[in-house]
Protein chains: 4
Amino acid sequence: MCPRTSHQFEDIRKEKRHLILESALVIFAKKGYHGASISIIASEAGISKGLIYNYFKSKEDILKETLIGGFEHIFQHYRFDPQTFTPKEFVNLIELTFDLLEKDHSHWKIYFSVLMQTEVMEIIQDKLMDILFPIIEDFKAYFKKLGYEKPLEEARFFGAIIDGLSLSYITDPENFPKEYCINRLKSIYNLPL
Amino acid sequence: MCPRTSHQFEDIRKEKRHLILESALVIFAKKGYHGASISIIASEAGISKGLIYNYFKSKEDILKETLIGGFEHIFQHYRFDPQTFTPKEFVNLIELTFDLLEKDHSHWKIYFSVLMQTEVMEIIQDKLMDILFPIIEDFKAYFKKLGYEKPLEEARFFGAIIDGLSLSYITDPENFPKEYCINRLKSIYNLPL
Amino acid sequence: MCPRTSHQFEDIRKEKRHLILESALVIFAKKGYHGASISIIASEAGISKGLIYNYFKSKEDILKETLIGGFEHIFQHYRFDPQTFTPKEFVNLIELTFDLLEKDHSHWKIYFSVLMQTEVMEIIQDKLMDILFPIIEDFKAYFKKLGYEKPLEEARFFGAIIDGLSLSYITDPENFPKEYCINRLKSIYNLPL
Amino acid sequence: MCPRTSHQFEDIRKEKRHLILESALVIFAKKGYHGASISIIASEAGISKGLIYNYFKSKEDILKETLIGGFEHIFQHYRFDPQTFTPKEFVNLIELTFDLLEKDHSHWKIYFSVLMQTEVMEIIQDKLMDILFPIIEDFKAYFKKLGYEKPLEEARFFGAIIDGLSLSYITDPENFPKEYCINRLKSIYNLPL
DNA sequence: GATGAATGAGAGTTCATTCAT
DNA sequence: CATGAATGAACTCTCATTCAT
């Protein structure tokens, strides 16, 4: 009855693991790291508390995996080849950002949430840097190609603005002037309407 | 021999209360609301756990007082008369922001931290709105005077940028291109160098 | 290897819940509500403090369950049909009372203890009234049938006497003149010896 | 200014001590021993917490003194000379009981409250016995003179009834049928109306 | 005699984690 | 693989008691 005879353990494991991470993300985003309990995550996932420890060795471990997955998910959209990157694509990237904010609300919320908590940052900052650094490099190269005198600084400036707008959107989506901000960004960077 | 005078007691209370709030600010900024324990705040202040409850009725009360004090402290600098506000003063305001970020690191950090934690936001959001709303109104009036077609939206856009730059500074002060960003803001708003 | 069946879990829960209530009853009876600590109840039950909260949501909850269970247990014996109630049965009821006092010492002790503590009374007084009221009504009807002019007052008088004798028994069982008191009650109510 | 020059320390001490005991009695009766805090007692007395420890060495000490004083206060009325005790005086004693219940509600409430808490009882039970025993002896002698075959048992029976009626009155004074119960007692003991 | 700031032990409660099944 | 009963450390908070003034 009880012992599985199936040979597809691997698939089951992968799926369950994913399910747990998804559930954890939702709860972390809603309650923050400390406010999220393993019990709630388990019941969100529809499994028992104990089973979670079959897949992750600690709550911190779940957070780390959740974050890394989330960051990769978000920031994969910001990779491009600076040499062939066009203004049109730049516009698309900006517009994409706000689409993602809507679709992946939890991922973004947790991203900002984590930026603010020293202890949590320490857990994942190396990994986060691994993800962000190449993106900054891409933008630096792109701005350099465009003739900016200080391309690294401009890349950071641009990144900060995107963060600020995203934060503002996350905090109060209903009152955020999305179209207006997109147009302002276009005008700042002389992009095609 | 004789009882302390009530004046002496008042002094002690005022000082200790301030000490506790200062210590709480540091710990909240470092660990977030849930991560900060009364024990740690007490030991940061060099007093016993119990004493804290002689001054505040709950942890939430400490947070509230900390935040309200902090927000008032930070945002008092952003009040101005839109009718007489000059570009030179606008420049000063921008430069002031980065000075404040340096000087009041903890206050700002906790400000952003709180924006991200739903539960904490609920505790103080009314008070925060009371503080932020008039500032947005001032900027709206100012931008309207400058001829912006959508002054409210511009005020929000500007606020989001300031938040983004501040967040970026807070997260990694050493690599933040402060001068560059100030100059970029000046150019975006056609301000005098 | 295999998970426990839900039937097994149910058994464990039922037993442990019962164990906790039994232990709580003993401690409440000995120390009163405020004097009884969760720690002591847990150690009386031979379990950890934490486990108690797996079964009850608060100390007050434990008290409520303890009391309601106890009161129902005690007072179920005092329900009868006033129309068919005989003097012989009345005698039995009186004798039963003292038997119960011996057997359910803790239940009775806590009953009296609770009567005296305003705060505790507030917690369960509605429930207690639900239990006691019909009993008083039964006695009222019975005394009315017997021809008492003020049956409600007599019911209260009788109840008070039973309480007084019980209290006296509980306080010092060894010196309580049980047989004598039973006979005195019989004579007061003209009951058969 | 501060050091008293007066020589009437003794009077001040006696008065203050009495004030503290009065206040403690009120609070103990309202909240029970554990529920009553030194702070509340102090503020009921209009003095500082610290001062209480100038007069009593512990909270338990206050309770003990409160109780002994209270019991002496209550039970002084029940001393009489069995040889000269008349039925008329017996009636008076019964009626007095209910008067006292009204006037000294707190004393009585705490008396019953204490009877139920083993730990508290242990603190004062010797003293209480010293007070109660001679009263029981008096009633025993009186009932013996009246011709009761088992005067000690009757004394205990009578005491229990008084306790029961008192308890009933204390618990719910408004619905207690005072006159009815007095008359019933008179009829049971063949006393003049 | 009198104050209340200060302490520290212990209260009720939560929760990450373990483990027998 | 899966369960949830069980633990224990740490949490927020209370309060009897002490002590400098």
Side-chain angles (χ1 to χ4, degrees), chain A residues 2-4 6 9 12-13 16 34-42 47-62, chain B residues 1-6 8-10 12-13 15-16 34-42 47-60 62, chain C residues 1-6 8-10 12-13 15-16 34-42 47-60 62, chain D residues 2-4 6 9 12-13 16 34-42 47-62:
Chain A
C2 232
R4 272 304 151 60
S6 160
F9 278 140
I12 293 178
R13 279 196 74 82
K16 269 262 138 100
H34 285 103
S37 80
I38 294 289
S39 271
I40 295 174
I41 293 171
I47 59 172
S48 73
K49 259 187 303 177
L51 191 55
I52 286 186
Y53 288 85
N54 207 317
Y55 291 88
F56 301 92
K57 69 178 205 292
S58 68
K59 188 181 172 185
E60 185 176 312
D61 189 33
I62 301 174
Chain B
M1 198 72 62
C2 305
R4 254 177 282 219
T5 65
S6 65
Q8 279 174 301
F9 279 129
E10 245 174 63
I12 291 175
R13 282 196 78 78
E15 261 179 53
K16 197 122 292 182
H34 284 105
S37 80
I38 295 289
S39 272
I40 295 172
I41 293 172
I47 59 174
S48 70
K49 260 188 308 177
L51 189 56
I52 286 186
Y53 290 89
N54 201 317
Y55 292 86
F56 300 93
K57 68 180 203 295
S58 67
K59 186 182 173 183
E60 184 175 315
I62 301 174
Chain C
M1 197 73 63
C2 306
R4 254 177 281 220
T5 64
S6 65
Q8 280 173 300
F9 279 129
E10 246 176 62
I12 291 175
R13 282 196 78 78
E15 261 179 53
K16 198 123 287 182
H34 284 105
S37 79
I38 294 290
S39 273
I40 295 173
I41 294 173
I47 59 173
S48 69
K49 259 191 308 177
L51 188 57
I52 286 187
Y53 290 88
N54 202 319
Y55 291 88
F56 300 92
K57 67 180 203 295
S58 67
K59 186 182 174 185
E60 184 174 315
I62 300 174
Chain D
C2 233
R4 271 304 151 62
S6 160
F9 279 142
I12 294 177
R13 279 197 75 82
K16 218 129 261 171
H34 285 102
S37 80
I38 294 288
S39 270
I40 295 173
I41 293 172
I47 60 172
S48 72
K49 259 185 305 176
L51 191 55
I52 287 186
Y53 287 86
N54 207 318
Y55 291 87
F56 300 92
K57 68 178 203 292
S58 68
K59 187 182 172 185
E60 186 176 311
D61 189 34
I62 301 174

Checklist entry - Looking for any heavy atom pair under 4.0 Å, which part of the strands does Phe56(D) touch: base, sugar-phosphate only, or nothing? => result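 Nothing, no heavy atom under 4.0 Å.
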Checklist entry - Just by protein heavy atoms under 4.0 Å, how would nucleotides 13-18 of chain E read 5' to 3' in B, S and -? => result BB-SBB
Next on the checklist: Between Asn54(A) and Arg13(A), is there a side-chain heavy-atom distance shorter than 4.5 Å?
Outcome noted: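 They are in contact (side-chain heavy atoms under 4.5 Å apart), so the answer is yes.
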Checklist entry - So, is Asn54(D) near the phosphate of dG1(E), with a side-chain N or O under 4.0 Å from OP1 or OP2? => result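 Checking dG1(E) against Asn54(D), a side-chain N or O does come within under 4.0 Å of OP1 or OP2.
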Next on the checklist: If the cut-off is 4.0 Å, is Tyr55(C) near the phosphate of dA5(F), judged by side-chain N/O to OP1 or OP2?
Outcome noted: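 No, because none of the side-chain N or O atoms of Tyr55(C) sits under 4.0 Å from OP1 or OP2 of dA5(F).
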How long is the line joining [atom1] of [X] and [atom2] of [N], in whole Å?
| X | N | atom1 | atom2 | answer |
| --- | --- | --- | --- | --- |
| Gln8(B) | dG4(E) | CD | C1' | 12 Å |
| Ile47(A) | dC1(F) | CD1 | P | 12 Å |
| Ile12(B) | dT3(E) | CD1 | P | 16 Å |
| Arg13(B) | dA6(E) | CZ | C1' | 11 Å |
| Ile40(A) | dG4(F) | CD1 | P | 16 Å |
| Ile52(C) | dA11(E) | CD1 | P | 12 Å |
| Lys16(B) | dA20(F) | NZ | C1' | 13 Å |

Checklist outcome for this item: Annotated structure of DNA chain F as dot-bracket, pair cut-off 3.5 Å, Watson-Crick or G-U only, | for inter-strand, is .||||||||||||||||||||
Item to check | Spacing of CD1 belonging to Ile40(C) relative to OG belonging to Ser37(C), to within rounding of 0.5 Å | outcome: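 So the CD1 of Ile40(C) and the OG of Ser37(C) are separated by 3.5 Å.
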Next on the checklist: Can you give me the closest heavy-atom contact between Lys49(A) and Ser39(A), atom names plus distance?
Outcome noted: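 Between these two residues, the closest heavy atoms are CD-OG, 3.4 Å.
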Next on the checklist: Taking the minimum atom-to-atom distance to the side chain of Phe9(B), which one of dA5(F), dT3(E), dA6(E) wins?
Outcome noted: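 Comparing dA5(F), dT3(E), dA6(E) against the side chain of Phe9(B), the answer is dT3(E).
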Item to check | Trace of the side-chain contact (heavy atoms from CB on, under 4.5 Å) decision for Lys59(A) with Ile41(A) | outcome: CA-CA 10 Å; Lys59(A) 188 181 172 185; Ile41(A) 293 171; 5.6 Å; no
Checklist entry - With Tyr53(D), which of Ile38(D), Ile62(D), Asp61(D) fulfils side-chain contact (heavy atoms from CB on, under 4.5 Å)? => result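 With Tyr53(D) as partner, Ile38(D), Ile62(D), Asp61(D) yield a single side-chain contact (heavy atoms from CB on, under 4.5 Å), made by Ile38(D).
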